[in-house]
Amino acid sequence: MEHDHSGHDHAHDHGHSHAPADFGVAFAVATLLNLALVAAQVIYGLSANSIALLADAGHNFGDALGLLLAWGAHVMARWTPTERYTYGFRSASILSALINAVMLLVATGAIAWEAIRRLPDPGEVAGVTVMVVAGIGIVVNALSAWLLMAGSKGDLNVRGAFLHLAADAGVSVGVVIAGAVILFLGWTWIDPVMSLIVAVVIVWGTWGLMRESFQLSMDAVPSGIEPSEVRAYLEQLPGVASIHDLHIWAMSTTENALTCHLVMPGGHPGNAFITAACRDLASRFAIRHPTFQIELGDGADCPLAPAHVV
């Protein structure tokens, strides 16, 4: 068996979209806005005796931490690779998403527990205060989401933060409704009930993020890529008799990688073949870091040929 390591030719397409170079400013402003909102919600939530407002504060605090994590990952992803970290620090964006999801689920458990504890006796709740502070939350979350909107188009890490903030604006609307019900109807029980609804919304929106970030951290094939389609594409390339040892994983929330052995009895196909294959993988599957190993003969003597061998 002959391994042609000159086949490790990447011809990377660096034309895929990135968030703007100064996107850190948007992260900074959005984070400061959310931290200020959290402080206001805690202070007035305690003074108004509103568990719904405190629940929203806990949610927004999770948002602020998530923004800090996403911001840090955004910065780390641009650090230069080192001799030890040869891929650089791109995977920080995956880890930040996973940590963010875990923190949000833990905070949600605390919110739900306190809401259930208060259901039998919600106490007096200041409806006007709840409405005003939650209304400010709508403005802050909507503005923060708008600041991140530009980067959400090309970076899954930023997109997650954007969608989270946009959903939070909707959650704050629910808190405003609860405050109005308390103010006009006197139904104080709506406060813990609304906090439970907030908790359900958080779990609903976070579970998918946690599942996908966990999968990516385990080097699973990214959800937007169908492995069978990639395999079919590679197998139909001219001169390719078969393929094996195909691996597809995410280097970050914006970059996907692939390694594969191509069995080509006719010999090395040349750099033009590699360049064309890399270009097609980038345009069709968003895989921009492929590495091929060319094998001659029938490939049967490759120790990695069996499907069960990794």
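In what follows, every heavy atom counts, from backbone to side chain, and hydrogens, waters and symmetry copies are set aside.
Here the shortest heavy-atom pairing between Asn256 and Ala286 reads ND2-O, 3.1 Å. Counting all heavy atoms, side chain and backbone alike, Ala64 lies closest to Thr31 at O-CG2, 4.2 Å. Ser217 and Leu98 make their closest contact through OG-CD2, 4.0 Å (heavy atoms, listed as atom of the first residue, atom of the second, distance). In terms of heavy atoms, Ile243 sits closest to Glu235 at CG1-CG, 3.9 Å. The two residues Arg284 and Tyr233 come nearest to each other via the heavy atoms NH1-CD1, 3.2 Å. For the residue pair Pro265 and Ala241, the shortest heavy atom distance occurs at CD-CB, 3.7 Å.
Within the 4.5 Å cutoff, side-chain heavy atoms of Leu246 are placed close to those of Arg231. Arg90 has its side chain out of reach of Arg78: every pair of non-hydrogen atoms, C-beta onward, lies at least 4.5 Å apart. Using a 4.5 Å heavy-atom threshold, the side chains of Pro222 and Trp249 count as separate. A heavy-atom distance below 4.5 Å is found between the side chains of Leu105 and Trp207. In this structure, Cys302 and His244 have side chains that are in contact, with non-hydrogen atoms separated by less than 4.5 Å. Looking at Ile248 and Phe285, their side chains never come closer than 4.5 Å, going by heavy atoms from C-beta outward. Counting heavy atoms from C-beta outward, Met251 and Ser91 have side chains that stay 4.5 Å or more apart. Residues Val133 and Ile43 have side chains not in contact (no heavy-atom distance under 4.5 Å, counting atoms from C-beta outward).
Taking OG1 of Thr275 as the start and CG of Asp280 as the end, the distance is 11.0 Å to the nearest 0.5 Å. Once rounded to the nearest 0.5 Å, the distance linking CG of Asn271 with SG of Cys278 reads 10.0 Å. Between the CG atom of Leu304 and the NE2 atom of His261 there is a distance of 5.0 Å, given to the nearest 0.5 Å. We find the CD1-CG distance between Ile294 and Leu262 to be 4.5 Å, quoted to the nearest 0.5 Å. Here the CD1-CE distance, from Ile99 to Met210, works out to 11.5 Å after rounding to the nearest 0.5 Å. Atom-to-atom distance recorded for Ser223:OG and Leu216:CG is 7.0 Å, nearest 0.5 angstrom.
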Problem set entry | side chain to side chain contact (heavy atoms under 4.5 Å, CB included) between Val42 and Val38, worked out | CA-CA 6 Å; Val42 169; Val38 168; 4.2 Å; yes
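A salt bridge does not link Glu255 with Arg288: every distance from a Lys NZ or Arg NE/NH1/NH2 to an Asp or Glu carboxylate oxygen is 4.0 Å or more.
The aromatic rings of Phe27 and Trp71 lie parallel to each other, their planes meeting at an angle below 30°, with 60° marking the opposite boundary.
Hydrophobic clustering (ILVMFWY, side-chain heavy atoms < 4.5 Å, transitive): Val176 and Val193 are in one cluster. Linking Ile, Leu, Val, Met, Phe, Trp and Tyr residues whenever their side-chain heavy atoms come within less than 4.5 Å leaves Ile116 and Val203 in two separate clusters. No chain of hydrophobic side-chain contacts below 4.5 Å, direct or via other Ile, Leu, Val, Met, Phe, Trp or Tyr residues, connects Leu32 to Leu37. When hydrophobic clusters are built by joining Ile, Leu, Val, Met, Phe, Trp and Tyr residues whose side-chain heavy atoms come closer than 4.5 Å, directly or via intermediates, Ile190 is grouped together with Leu119. Neither Tyr87 nor Phe89 shares a network with the other; the hydrophobic side chains, linked directly or stepwise wherever heavy atoms of I, L, V, M, F, W or Y lie under 4.5 Å apart, form separate groups for each.
Atom OH of Tyr85 sits in a sparse spot, with 12 or fewer heavy atoms from other residues, nucleotides or ligands closer than 6.0 Å. In the displayed structure, Phe273 atom CZ is contacted under 6.0 Å by more than 12 heavy atoms of other residues, nucleotides or ligands.
Just one of Thr259, Val240, Leu258 meets the side-chain contact (heavy atoms from CB on, under 4.5 Å) condition when paired with Phe292; it is Leu258.
For the residue pair Asn34/Ser144, the side-chain donor-acceptor check at 3.5 Å is satisfied.
Phe214 is linked by a ring-ring contact (aromatic ring centres under 6.0 Å, His included) to nothing, counting only residues two or more places apart in sequence or in another chain.
Using a distance-only test at 3.5 Å, with no hydrogens or angles considered, a donor-acceptor pair links the side chain of Ser96 to the main chain of Ser93.
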